[in-house]
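Numbering of residues begins at 1 and proceeds along the displayed sequence. Every value quoted in this text rests on a predicted model; they were computed, and no experiment measured them.
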Amino acid sequence: MLLRGPVKTSAGDLLPNFSLSTKVGFFPGGHSLDPARLRTAVEQAVKDLGREPDLVFLHNPEHSASDTGRLGPACAALADTARVNGWIPSPAA
């Protein structure tokens, strides 16, 4: 289910009963691995959710072919911003 707007308003006291995830990296104009944009997106997701997400996905990083040198810094920014406890790497396609 995809909720628009602040989830806390929509789901209220039910949120503690669920694991929450979000994804960042797709912005108006396309995909980006820019660490500052990713940090801002995670911070906005926290505001919208009313709590930190349990999992943050990086949205289709393969579509940011021109930003391949930024993948490491992008992941580091997510780890710093979202208190990542670990990574679940996807197999290469």
Side-chain angles (χ1 to χ4, degrees):
M1 174 171 61
L2 180 64
L3 299 174
R4 299 282 181 202
V7 176
K8 191 172 185 178
T9 303
S10 303
D13 60 351
L14 294 175
L15 285 178
N17 298 318
F18 294 93
S19 293
L20 296 176
S21 64
T22 192
K23 61 184 174 181
V24 296
F26 184 76
F27 303 95
H31 292 84
S32 175
L33 296 176
D34 178 63
R37 291 183 85 182
L38 296 173
R39 264 190 223 96
T40 300
V42 171
E43 290 166 358
Q44 184 61 51
V46 169
K47 288 177 187 173
D48 291 345
L49 293 169
R51 65 174 250 210
E52 287 193 12
D54 298 295
L55 179 65
V56 177
F57 292 97
L58 185 55
H59 189 277
N60 295 340
E62 70 275 11
H63 290 286
S64 300
S66 64
D67 286 346
T68 54
R70 289 185 154 182
L71 184 57
C75 292
L78 290 179
D80 291 344
T81 305
R83 294 190 211 168
V84 173
N85 293 321
W87 294 99
I88 304 172
S90 296

Next item on the list: May I ask you to test the Leu38-Pro35 pair for a side-chain heavy-atom distance under 4.5 Å?
Entry: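 No, side chains not in contact.
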For this session: Decide, yes or no, whether a salt bridge links Arg51 with Asp48 under the criterion of side-chain N to carboxylate O below 4.0 Å.
Result: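 Not counted as a salt bridge, because no side-chain N and carboxylate O are separated by less than 4.0 Å.
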Do Leu33 and Leu58 pass the side chain to side chain contact (heavy atoms under 4.5 Å, CB included) test, and can you show the C-alpha distance, the side-chain angles, and the key distance before you say yes or no? CA-CA 9 Å; Leu33 296 176; Leu58 185 55; 3.8 Å; yes
- Task: Kindly say whether Ser21 contributes a backbone atom to a donor-acceptor pair with the side chain of Asp54 at under 3.5 angstrom?
- Result: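 No.
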Rounded to the nearest 0.5 angstrom, the NZ-CG distance for Lys23 and Leu55 is 12.0 Å
The reported gap from CZ in Arg39 to CG in Asp34 (rounded to nearest 0.5 angstrom) is 8.5 Å
- [ ] Check the pair Phe27 / Thr40 against side chain to side chain contact (heavy atoms under 4.5 Å, CB included), numbers first and verdict last.
- [x] CA-CA 11 Å; Phe27 303 95; Thr40 300; over 6 Å; no
Please work out which of the three classes, parallel, tilted or perpendicular, describes the rings of Phe26 and His59, given edges at 30° and 60°.
-> tilted
_Pro28 to Arg37 - nearest heavy-atom pair and separation_ =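 The pair with the smallest heavy-atom distance is O-NH2, 4.1 Å.
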